[in-house]
Amino acid sequence: MIQSKSDKITRVLLWHWGRRGGGPNYTFELAKALASHEKLELHLSLSKQSDCFSRSKTLELPGFHVDTYEGILSFLVGSFRLHGLCKQFYNYLISNRIDLVYCTMTHMWNLFMLKAIRKARIKYLLTVHDATLHPGENSLLRQMLIAKEISKADRLVTLTDFVKKESVTIHGFSPEKITTVPHGPFSYGKNPLVSKKYPHNDHFNLLFFGRILPYKGVEILTEAFELVRKRYPETRLFIKGHGEHSLDSAKLRRLGVFMDNRWIPEDQIEPAFNQAHLLVTPYLEASQSGIIPLAYAKGLPVVATPKGGLIEQVTDGYTGLVCPSCSVPDLAQTLEKIIASPSLYEHLSSGALMFAKKELAWSNLVCRIVRIIEEDPG
């Protein structure tokens with residue numbers, strides 16, 4: 001019996017060898033949603049050191065998993081294995097008749113493995129989170145690797161139209177071969193998705209979550225918070241994430257800022273969002289934020305600066321508010337606008353949750369990715 005084109009099963013290897021942070025979680029959420037699609041045979045390739053490796057086993061998918069590294073020394077030692085690893089990767093692709101390799105995020109070892117993909121004559125789909133490095137992430141080698149990997153892809157998925165435009169203008173990639181599919185929320189915790197109530201007679205808690213880097217605007221946030229506290233002394237600010245900063249710890253404590261400067265374990269992420277009432281992304285530059293969809297799924301509205309893809313992620317007046325600028329006074333006034341109005345706050349919380357459920361459901365996002373795969377599987 002001849003199989004019709006509409007009945008064809010496409011064999012896809014979903015691939016990411018990162019260990020921590022958004023990349024592994026983004027890959028896991030995609031794998032979980034893609035695994036049940038009737039027209040795909042999904043394979044998975046992860047780092048055995050990934051935070052999501054144990055969880056991925058519950059999906060019971062066939063896969064090619066590797067030891068990567070846990071630090072500089074193991075990275076250098078592991079790099080000597082790349083030639084042999086490339087051969088193993090190629091053999092897996094051929095023996096399992098993979099039609100398309102879908103890489104969910106760039107990685108330092110990807111270019112070596114692309115030789116195997118090209119040798120096997122398999123199409124390559126890549127999700128581009130950032131078309132260029134952010135300020136403070138200056139690494140000529142990493143930027144060269146990103147540019148090279150983008151140039152080798154057959155099609156791109158970008159998480160915002162902002163990154164799509166950058167992929168065209170900076171890397172010269174054809175816009176007809178780029179599809180924007182928004183970032184969905186990570187499924188930390190098992191609490192039901194409910195909107196937030198305004199915390200009458202209690203603290204109003206602001207949250208900054210994620211890596212602390214120069215472009216993230218933490219200094220601007222703390223200055224704005226100092227202004228907010230003068231009018232709303234019951235407001236508190238929680239800064240949770242790892243990175244270097246120049247903030248004075250004693251002053252932060254006096255202001256009511258709780259700094260948790262470390263890599264936040266996954267089992268502590270949901271409690272951080274549950275105790276918060278509002279997420280703040282005071283970035284001075286941005287492609288998009290994987291934290292914003294997570295906030296929406298927890299019923300948290302977002303106050304964002306008008307930078308990059310953030311203005312696509314935050315629907316002003318519905319899921320949060322977008323500041324007029326990145327200035328300290330504008331950020332403070334935007335925060336105060338929400339704190340001063342319980343009705344506005346609860347409206348934004350309901351809007352954020354509704355947006356997460358309808359627009360950012362992984363089942364809906366994956367349907368768009370499957371259409372890309374089915375257009376040209378190989």
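Every heavy atom of this structure was used, including side-chain atoms; hydrogens, water molecules and symmetry mates were not.
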*Between the main-chain N or O of S195 and the side-chain N or O of S349, is there a donor-acceptor pair closer than 3.5 Å?*
no

message = Using the rule given for side chain to side chain contact (heavy atoms under 4.5 Å, CB included), can you reason through F208 versus V218, listing the C-alpha separation, both sets of side-chain angles and the distance that settles it, and then say yes or no?
response = CA-CA 8 Å; F208 172 96; V218 174; 3.6 Å; yes

Would N205 and Q275 count as having a side-chain donor-acceptor pair, cut-off 3.5 Å?
no

- Task: Begin with the C-alpha distance, continue with both residues' side-chain angles, and end with the deciding distance and a verdict on side chain to side chain donor-acceptor pair (under 3.5 Å) for K32 and S187.
- Result: CA-CA 11 Å; K32 188 166 59 173; S187 53; 3.3 Å; yes

Y198 vs F204 aromatic rings, parallel, tilted or perpendicular, using cut-offs 30° and 60°?
-> tilted

Taken in chain and number order and not counting sequence neighbours, the residues that satisfy side chain to side chain contact (heavy atoms under 4.5 Å, CB included) with R20 are D51, W263

Hey, are T68 and S47 close enough side-chain-wise for a donor-acceptor pair under 3.5 Å? yes

Can you tell if the side chain of V314 reaches within under 4.5 Å of the side chain of L321, non-hydrogen atoms only?
no

Mind checking whether D130 and V163 have side chains closer than 4.5 Å, heavy atoms only? no

Q: With K216 as the cation and Y283 as the aromatic partner, state whether NZ or CZ is under 6.0 Å from the six-membered ring centre and within 45° of the axis.
A: yes

Checklist entry - Can a donor-acceptor pair be found between the side chains of T132 and E166 at a distance below 3.5 Å? => result no

With sequence neighbours left out, the residues meeting side-chain hydrogen bond (donor to acceptor under 3.5 Å, both in side chains) with W17 are S45

Got a list of side-chain donor-acceptor pairs under 3.5 Å for residues 360-368, not counting sequence neighbours?
residue: W362; atom: NE1; partner: P185; partner atom: O; Å: 2.6
residue: N364; atom: ND2; partner: K358; partner atom: O; Å: 3.0
residue: R368; atom: NH2; partner: T180; partner atom: O; Å: 3.1

Would you check if the side chain of D161 reaches a backbone N or O of K164 as a donor-acceptor pair within less than 3.5 Å? no

Check your understanding: Distance-only, no hydrogens or angles: does the R229 side chain make a donor-acceptor pair with backbone N or O of L255 under 3.5 Å?
Key -> yes

Do K123 and D99 come close enough that some side-chain heavy atom pair is under 4.5 Å?
no

Name the orientation class of the two ring planes belonging to F89 and F64 (parallel below 30°, tilted from 30 to 60°, perpendicular beyond 60°).
tilted

Review point. Can you find a side-chain donor-acceptor pair between Q268 and D260 that sits under 3.5 Å?
Key: no

Exercise for the section: For K152, look at atom NZ and say whether over 12 heavy atoms of other residues, nucleotides or ligands are found less than 6.0 Å away. Expected result: no

Q) Taking the inter-plane angle between the rings of F273 and F209 on a 0 to 90° scale, is it parallel (under 30°), tilted (30 to 60°) or perpendicular (over 60°)? A) tilted

Sorted by chain and residue number, the side-chain hydrogen bond (donor to acceptor under 3.5 Å, both in side chains) partners of T319 (sequence neighbours excluded) come out as Y296

Q: Examine distances only and state if a side-chain atom of S341 and a backbone atom of L344 form a donor-acceptor pair shorter than 3.5 Å.
A: yes

Checklist entry - Does E149 use its side chain to pair, donor to acceptor, with the backbone of L111 at less than 3.5 Å? => result no

Q. So, the side chain of H242 versus the backbone of R211: is there a donor-acceptor pair under 3.5 Å, distance only?
A. no

So the side chain to side chain donor-acceptor pair (under 3.5 Å) pairs with at least one residue in residues 84-98 (sequence neighbours excluded) are H43-Y92

Of all heavy-atom pairs linking I212 and H245, the shortest is CG2-CB, 4.2 Å

Has R55 got its NZ or CZ under 6.0 Å from the middle of the six-membered ring of F28, at an angle within 45 degrees of the ring axis? yes

How about H16 and Y26: are their ring centres within less than 6.0 Å of each other?
no

request  = May I ask you to decide if Y318's main-chain N or O and T315's side chain share a donor-acceptor pair within less than 3.5 Å?
outcome  = no

Strictly distance-based, threshold 3.5 Å: is any side-chain N or O of T160 a donor or acceptor partner for the main-chain N or O of S287? yes

- prompt: Is the count of non-hydrogen atoms from other residues, nucleotides or ligands lying under 6.0 Å from Y232 atom OH greater than 12?
  reply: yes

Next on the checklist: Take a 6.0 Å sphere around NZ of K240 and say whether it holds more than 12 heavy atoms from other residues, nucleotides or ligands.
Outcome noted: yes

query = Between the main-chain N or O of C323 and the side-chain N or O of D330, is there a donor-acceptor pair closer than 3.5 Å?
reply = no

Residues passing the side chain to side chain contact (heavy atoms under 4.5 Å, CB included) test with K165, sequence neighbours excluded, are none

For the pair H183 (side chain) and P293 (backbone), establish whether a donor and an acceptor sit closer than 3.5 Å, ignoring hydrogens and angles.
no

